[in-house]
Structure formats: C-alpha cells, structure tokens
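Step one of this worksheet: look at the structure below.
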Amino acid sequence: MSKYCAPITDMKFHIKGNSAIDNDDAGLILDQAAEFSEQVWGSVNQHGDQNGCRYKDGKVLLDPKIRDAFKAFSEAGWMGISMPEEWGGQALPEALSSKVSEMLTSTNQSLCMFTALTSSACKALISFGNDELKQTYLHNMVSGNWTGTMCLTESHCGSDLGEIKSSAKINADNSYAISGTKIFISTGDHDASDNIIHLVLARIKGAPEGIKGLSLFLVPKIFPDNNEYNSLSCIGIEEKMGIHSNPTCTMAFEEAKGFLVGEENGGIKAMFKMMNEMRLGTSLQGVGMSEQSFQASYQYAVERVQGQSLDKKLRGQTTGLIGHADVRRMLLTQKAFAEGGRAFCHYCAELLDREKAGNDAEAAKLLGLLTPIAKAFLTETGQESASLAVQVYGGHGYITETGVEQIYRDGRISTLYEGTTGIQSLDLLGRKVLGDQGQALMLFTKQLHVLSKSILKQDSDTELIQLAEQVKTLSKEWPQMIQNVGMKALQDHGEVGAAAYDFLMYSGYVTLAYFWLEMAAKAEAKLQDNDTTTFSESFLKGKIKTAKFYFARILPRIQAHQAALQSGAESLSLHEEDEWYF
Ligand SMILES: Cc1cc2nc3c(=O)[nH]c(=O)nc-3n(C[C@H](O)[C@H](O)[C@H](O)COP(=O)(O)OP(=O)(O)OC[C@H]3O[C@@H](n4cnc5c(N)ncnc54)[C@H](O)[C@@H]3O)c2cc1C
C-alpha cells in the first residue's frame, strides 16, 4: 500500500505570512499537522474502512481505534485552529487551516467529517446564535469534547429542502418541541464525544410553506445543565459504499427540546452559513482525493515494470509504467487537478479571511460565485483522479489490498452531499451569474484579464506568453457565454437547467487555467531571480511543465462543454415517454 506524504512544499508555495502569523510559524503548524495526519489518522484509515461502525441497543459504537484517533485530534487542540480565541480557539487564518483540513481529509475522510461538521456548526452558532447558546455550547464544541451535526435531509427530500416536514412547536419556556425523522445524518450518534449538538431544520407550526418557512434549531443530545437525555434517538445506520467509519444515521426527534438559532423562518439563511463552509470543506476533499490518487499512482508507476516504451529516449527498453506516455497522461492529470485545486481552495480561504475581517463586499461576492464551482468541479475532478488511480494500478487497483479503490469509494460521496453537482450548477448559473447580471463573474474575469495582461506586457520572451494569451481570450469568452443562455432563458427557463452543468464544468476548467497561469508565472519569476532556496529548481520547473500540460491537454475540454451548452435544451427534451425504450 502506498504511503501518503503531506504536500507541504506545495502548500507553502501559497502561504503568505501576515499580521496573524508569520511564515515560519505557519510552516511549523503545517509540519505538525502533517505528522499528526500521516501518523495518527492515516494509520487507521484502512482499518476503519474494514471495521466500520456498529449499531447496538439504539447506540452507535465506533471502532476503538477510530474513537481514539478522534480523541487524539481533540486533545491536540486541532478543532479550534480557526475558531475565535473567545471560544477557546487559536484564531488562525482560514488560508492556513484549510491546508490542515486538506491533510486530514487526505489521510482519513471519515474522521475529517466529524471535525468539518463540528467546525461548521460552531461557525453557524457564532454568526446566528444568541449569547446564551454561545456561552452554553461553543467552548465544548471548539475543544472537540462535543461534536456537531447538520440535520436537513428527510426521506422524501434531499435537494428540495422546501419540502421538509419536521415540525417545531413553541414551549411555555420559549424553547421548541422538535418532531420528525431525519435520514443520512453524518455522525448523528457515536461514542467519541461527550455530547452531540444537532442543528436541525424544521418548520414552526403555521409558518409559510417552502424554504421561507424553515427555522434552525439547536437540539442537544444531552442537556448540559442537568445531564438528562433529550427525546431523540438514532434508529439505525446505513450500510454504504465508503466512509465506513463515519456513521450515517437515521435520527428520530420526538418532541425533542430545541432552541431557535437566528430568526424564526430564517433557518435557511443560518443553515447556508454552515452549508457554504461545508461546501468549501468538501472541495478540499476533492483536492485531497486528487493528491492521494496522484501520490499512490506515481509511486506505483515508478515501481511497476511493464512492457517497452515507445518513447524515443527509452525505445526498446523495458520500463516502469511511468515510461509510457499514456500513464504519464494519467499522472499529470491527477497532479494538475491536485495542485490547481489547492491553489483554487487557497484563494477561496483567503476570501473567507477577508470576509471575516469585515465589510468586504467584493470578497463576499467572489466567494458566492466561486463556492459552487469549487465544490462541484473539484469533487468531480477528484473522482476522475481516483478513477485514474485504479486505472494506473491496472487490475491491482481493483483489489482492496492496494488501497486505491478505497479512495474512490470514500470520495464518491463528495459530489452528492452538501448539494449535488446538479444543484451546484443551478446555483451557479441561475443565482450567482444570471441572478446578479454577471457582476460577480465580471469581477473575477477582470482578475484573469489583469494577470494575463501583466504577463503579456513583459519584454522578455517568457514561455508563458501562449498560456497568458489563452487566459486573456477566456476572460472575454466566459461572460459572453451567458448572454446567449440568458436570452433563451427569458423565453424558457428550462434553458438554464439544460445549460447549467456544462457551464459549471466550463467555469471550473477556466478557473483552474487562471490559477495554473498564476502559479507558473510565480515559478518563472523565481527561476529568473535564481530564488531557489525555499523552492528548488526542480519544483519550480515542475510547476511550469504541469501548467503547460494543463493548457495543452485538459483545458481543451472546455470546447466540448461550450458546444453542448450552446446546443440548448432541445436535445434534452426530444423523448416522448414511450421512447425511453429498454
Ligand atoms: C453518506 C451520506 C452522508 C450524508 N450526510 C448528511 C448530513 O450530515 N446531513 C444531511 O442533512 N444530509 C446528509 N446527506 C444527504 C445528502 O445531502 C443528500 O443525499 C443530497 O443532498 C441529495 O439528496 P437526495 O439523496 O434526496 O437526492 P435527490 O434530491 O433525490 O436527487 C437525485 C438526483 O436528482 C438531481 N436533482 C434533484 N433535484 C434537481 C433539480 N431541481 N434540478 C436538477 N437536478 C436535480 C440531483 O442532482 C441528483 O443527481 C448525506 C448523504 C449521504 C449518502
């Protein structure tokens, strides 16, 4: 089985020291996180997959090794890394903590979901909870003594939350009695923390129908003031494809006592705070999948000897798999998605930091635009990378022992939860682009234009001219694409649904092209200045070569998405019911 090694050098390539933390301290934290994730979480990843969780007498029991690995995480203080000091956190920038999250999800996606859900629940409480709720719950959640969940899904509704039936009735003491059954609740019950704090979407009696009538409630498993159990229970866990050591629970709330978070009927706004955090966290899962897949594939491709290369330099020689152009195509695809995705996530984390610092409307707008792209595109490409890992390993990739099939199985959920790729696509095209007349998109494409122009105006005959020319063209083409869809959508809203997926994938490839150009330009500048102390010459040259690969072999996929998008809705509406013949 291959060994994951946290890509610290590449992470450091993005980190910029600031007033909150200097480069040396940031580097130290990354080193410690790498050690923890590789040694503690990585070492139980396959064990957790094979041993799963157990449901016994109404309780969920984690495997003891998984439970201990989670406790080690809390005890080491990692949960509070980006939380405010007021609640016991370390208040470090998201730009740094997102790197730690990537390492954690790369070594153990199941365990990382415990922490991601808790951290997002804390952030929703910080933004929308009243003082009493914050004082009662946040310290223990930030320390990891208590974990959090997100309870949205019901058996009849997942994507369409407007159909939620769980109800809330006000009690005499202004708390609420919550009733209903939620399915697929990650970490809904387990024995790794002293308490579990559920954030539940439900409808107050008499509230409007649809999402506008939903409110958010904090519903503890155990009441902190008297240690009594609330009237809620886990009534079963799912058998599933991957993330076996993360319990997926059916939760029954039977007049469970809950407390309003935010305003009555303002639940979606508060829950979106949590979901957007989770969506960015899920995009890191995609990057983690690409990185693990790349590392495992590379190690195998170097070791495994098979066949003779057709390459000029190696012709006639027996070679490692890496001697075959087609295998290198797969490795470079994974590397391009991993490192390009990391740069993209880093930028989103910086936007989060700007937003947190306050009153940055531009950061909020950009984050709104980029979140669905990051979530959907980076998980789709993460899955492509994982599938390629199985391919690089050949038949051995299909065998459990090698470990790469687990990356694929665990990661397969990432394009489904936190809003499927289809739902992210509608959010992007319908709400974030057409809904604001393309303003946020223009803000971002301006950055593409500025970067490409700055490279093009350099006197030196830089290798990057051609790449910059392409980005400059795309900065104009991308917003133009929506004009056509927008016009058609005025006649038929179905045009938006038909165009959304291709628009999202197009947007993802163009966004990654921008980040690859930026990284290549930075690498080239360092090479020209002979600045190779922190980042070696090979690392910098590798960056430029991967950028060229991306532009030559991956970016052309946009043409297919563009053609599909422009073909309109007609080809998707041709079949009469009987014509779906099988
Ligand atoms: C392992 C696991 C963990 C989970 N964890 C949680 C959790 O912690 N908390 C929680 O609340 N939920 C959780 N979920 C639920 C998850 O978020 C939902 O499964 C997901 O949102 C999709 O909903 P659905 O399964 O009902 O699919 P559906 O909504 O039925 O969608 C099925 C398909 O139809 C498409 N589709 C649906 N509506 C539209 C539309 N309007 N336009 C275009 N396409 C559409 C979707 O894209 C998808 O491809 C989890 C699920 C799993 C499997």
Side-chain angles (χ1 to χ4, degrees), residues 49 52-53 60 109-121 124 147-166 178 180-190 196-202 210-211 214 216-217 219 234 236-251 253 267-268 270-272 274-279 281-282 285 372 375-376 379-380 383 409-431 493-505 569 572-573:
D49 181 51
C53 321
V60 179
Q109 185 178 334
S110 289
L111 271 169
C112 197
M113 285 168 63
F114 283 77
T115 67
L117 280 156
T118 306
S119 146
S120 303
T147 55
T149 74
M150 177 165 98
C151 300
L152 286 67
T153 307
E154 299 181 1
S155 59
H156 63 287
C157 71
S159 301
D160 186 3
L161 297 175
E163 292 297 315
I164 282 179
K165 288 194 179 131
S166 291
I178 312 293
T181 303
K182 298 284 183 181
I183 66 162
F184 295 167
I185 304 308
S186 301
T187 70
D189 192 48
H190 60 84
I196 301 175
I197 311 305
H198 303 282
L199 289 187
V200 184
L201 271 186
I211 54 169
L214 294 174
L216 185 65
F217 299 91
V219 188
C234 171
I237 59 173
E238 305 292 343
E239 293 286 324
K240 56 192 191 293
M241 181 178 187
I243 50 167
H244 289 159
S245 46
N246 189 290
T248 305
C249 305
T250 304
M251 301 298 301
F253 297 87
I268 276 292
M271 188 48 101
F272 260 108
M274 186 166 178
M275 279 203 299
N276 282 334
E277 295 273 344
M278 286 298 293
R279 284 174 178 172
T282 311
Q285 289 177 1
K375 196 282 175 183
T379 54
E380 291 286 343
Q383 285 176 11
R409 282 187 293 103
D410 282 352
R412 188 61 189 83
I413 185 63
S414 62
T415 57
L416 299 169
Y417 59 18
E418 308 312 330
T420 61
T421 298
I423 296 300
Q424 302 302 321
S425 305
L426 285 176
D427 181 43
L428 174 69
L429 182 57
R431 259 169 30 97
H493 219 65
E495 292 286 344
V496 176
Y501 167 77
D502 288 295
F503 182 73
L504 183 134
M505 294 306 285
L572 294 173
S573 52

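Along the sequence shown, residues are numbered consecutively beginning with 1. We count ligands from 1, going down the list as the structure has it; atoms in each ligand are counted the same way.
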Can you pull out the closest protein heavy atom to atom 9 (N) of ligand 1? Residue, atom name and distance to 0.1 Å, please.
-> Met150 O, 2.7 Å
Please round to the nearest 0.5 Å and tell me the distance separating atom CE of Met278 and atom OG of Ser120.
-> 5.0 Å
Considering all heavy atoms of both residues, which atom of Asp49 and which atom of His244 are nearest to each other, and what is their separation?
-> O-ND1, 2.8 Å
May I ask you to check whether Gln285 and Thr379 show a side-chain donor-acceptor distance below 3.5 Å?
-> no
Would one find an N or O of Thr153, backbone or side chain, under 3.5 Å from an N or O of ligand 1?
-> yes
Based purely on interatomic distance, does Thr420 place a nitrogen or oxygen under 3.5 Å from a nitrogen or oxygen of ligand 1?
-> yes
Separation between SG (Cys249) and CG (Asp189), nearest 0.5 Å, reads 6.0 Å
Do Ile423 and ligand 1 have an N or O pair less than 3.5 Å apart?
-> no
In Gln424, Gln383, Lys375, the residue satisfying side-chain hydrogen bond (donor to acceptor under 3.5 Å, both in side chains) with Thr415 is Gln383
Select the closest option to atom 26 (O) of ligand 1 among Ser414, Gly158, Ser155, judged by heavy-atom distance.
-> Gly158
CG on Leu161 to OG1 on Thr153, rounded to 0.5 Å = 7.0 Å
4.0 Å protein heavy-atom contact status of atom 7 (C) of ligand 1, strictly under | yes
Is it the case that Thr181 and Glu154 place a side-chain donor and acceptor less than 3.5 Å from each other?
-> no
Heavy-atom distance to atom 28 (P) of ligand 1: which of Ser159, Gly419, Ser425, Cys151 wins?
-> Ser159
For ligand 1, does Leu152 get within less than 4.0 Å through its side chain, its backbone, both, or neither, judged by non-hydrogen atoms?
-> both
Is atom 44 (N) of ligand 1 less than 4.0 angstrom from some protein heavy atom?
-> no
State, without any angle test, whether Thr421 and Glu380 hold a side-chain donor-acceptor pair at a distance under 3.5 Å.
-> yes
For atom 34 (O) of ligand 1, state whether the nearest protein heavy atom is under 4.0 Å away.
-> no
Closest non-hydrogen contact found for Thr187 with Gly148 is OG1-O, 3.7 Å
Could you tell me whether the side chains of Lys182 and Thr250 share a donor-acceptor contact shorter than 3.5 Å?
-> no
Can we call the ring centroids of Phe114 and His190 under 6.0 Å apart?
-> yes
Under-4.0 Å heavy-atom contact between protein and atom 30 (O) of ligand 1 = no
Which one holds for Leu426 and ligand 1: side chain close, backbone close, both close, or neither close, with close meaning a heavy atom under 4.0 Å?
-> side chain
Against heavy atoms of Thr248, which atoms of ligand 1 measure under 4.0 Å?
-> 1 (C)
Are any non-hydrogen protein atoms located under 4.0 Å from atom 2 (C) of ligand 1?
-> yes
Any N or O of Ser186 that comes nearer than 3.5 Å to an N or O of ligand 1?
-> yes
Would a 4.5 Å heavy-atom cut-off, applied to side chains only, mark Leu214 and Ile164 as touching?
-> yes
Which residue and non-hydrogen atom of the protein lie closest to atom 19 (O) of ligand 1, and at what distance in Å?
-> Phe184 CD1, 3.9 Å
For Ile413, the atoms of ligand 1 under 4.0 Å from one of its heavy atoms are 1 (C), 2 (C), 52 (C), 53 (C)
Ligand 1 atoms in contact with Leu416 (distance to a heavy atom under 4.0 Å) = 20 (C), 21 (O)
Give yes or no for whether the N/O distance cutoff of 3.5 Å, strictly under, is met between Cys157 and ligand 1.
-> no
